[in-house]
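Presented below is the structure to which this report refers.
These figures come from a predicted structure and were not determined experimentally. All ligand and atom numbering here is 1-based and tracks the order in the structure. No hydrogens, no waters, no symmetry mates; every other heavy atom, side chains included, goes into these values. Along the sequence shown, residues carry numbers from 1.
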Amino acid sequence: MPVAAAAPQRRYPGVFIAFEGGDGAGKSTQAAALQQRLQAAGRTVLRTREPGGTPVGEKLRALVLEHGHGSIDPRTEALIFAASRAAHVHQVIRPALERGEVVICDRYMDSSIAYQGAGRGLGLAEVRSLNLWATEAMLPDVTVLLDVDPEQGRHRRTAQDAAEDRLESEPDDFHARIRGAFLELAAADPGHYLVLDAGADRDAITEAVSNRIEELLP
Ligand code: TYD
């Protein structure tokens, strides 16, 4: 099923930036680098992550990522991520945007659309609708997609940490479907995405992200 057209976006005084990409793309490093730059320029920045970002979200994170909770079917998995996101938007993201802060989120709705929609086969449009409901259609002002080749992503994350979570340990074809879905989402709404090659020089990526974000800031 095709990806639905962009939902109407509500405006807040703050700016909402999401980092997305496959496992091992370097999102956390880039999110931290952007936070540093913006804070050095005097901005108030809230950096957060999904799944997680709230006490209930961190519990849900453990439930869905750790091995050992028995089998979790795809719909349950999608609902757990969506529940964590609903709490995150309600308790953390929206209040910060209302206060006029810059919110940098390490993964957001597109991760569910890609991992549960494409990876688990639930359908991109279906998972998107679920998440629009869960977040009351809270969408990022810009999504930075760090595009990573699944094999390269696997190399990068095993170099950092040998233990893979439930999703990371899925085979390369699962990760290839996720990559395709992220690129499809970006192609369907180019004005809201910055797509960068995750294999490029780290500082060059930081520079490109900062330049794009500067354009959004009041
Ligand atoms: P990740 O950002 O990789 O956390 P960490 O850096 O601590 O490993 O996210 C954990 C995993 O959860 C990752 O494999 C992607 C997956 N995920 C989903 O499947 N759906 C979602 O909605 C989100 C937010 C993450």
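Qualifying salt bridge (charged side-chain N to carboxylate O under 4.0 Å, His left out) partners for Glu151, counting only residues two or more places apart in sequence or in other chains: none. For the side-chain contact (heavy atoms from CB on, under 4.5 Å) test, no residue two or more places apart in sequence or in another chain qualifies with Gln36.
Under the 4.0 Å criterion applied to side-chain N and carboxylate O atoms, Glu77 and Arg120 are assigned as salt-bridge partners. A salt bridge links Arg94 and Glu136; the closest N-O separation between the charged side-chain nitrogens and carboxylate oxygens is under 4.0 Å.
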Could you give the N/O to N/O pairs under 3.5 Å linking ligand 1 and the protein, each with its distance?
from: ligand 1; atom 1: 2 (O); to: Arg107; atom 2: NE; distance (Å): 2.8
from: ligand 1; atom 1: 3 (O); to: Asp23; atom 2: OD1; distance (Å): 3.2
from: ligand 1; atom 1: 4 (O); to: Arg61; atom 2: NH2; distance (Å): 3.2
from: ligand 1; atom 1: 7 (O); to: Arg61; atom 2: NH2; distance (Å): 2.6
from: ligand 1; atom 1: 8 (O); to: Glu168; atom 2: OE2; distance (Å): 3.4
from: ligand 1; atom 1: 9 (O); to: Arg107; atom 2: NE; distance (Å): 3.3
from: ligand 1; atom 1: 14 (O); to: Asp23; atom 2: OD1; distance (Å): 2.9
from: ligand 1; atom 1: 14 (O); to: Asp23; atom 2: OD2; distance (Å): 3.1
from: ligand 1; atom 1: 19 (O); to: Gln116; atom 2: NE2; distance (Å): 2.9
from: ligand 1; atom 1: 20 (N); to: Gln116; atom 2: OE1; distance (Å): 2.9
from: ligand 1; atom 1: 22 (O); to: Arg85; atom 2: NH2; distance (Å): 2.9
from: ligand 1; atom 1: 22 (O); to: Ser112; atom 2: N; distance (Å): 3.3
from: ligand 1; atom 1: 22 (O); to: Ser112; atom 2: OG; distance (Å): 2.6

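One distance of note links CD1 of Ile113 with CZ of Phe182; it measures 9.0 Å at 0.5 Å rounding.
Within the structure, ring-ring contact (aromatic ring centres under 6.0 Å, His included) pairs that include any residue of residues 76-130 comprise Phe16-Tyr108 (at least two apart or interchain).
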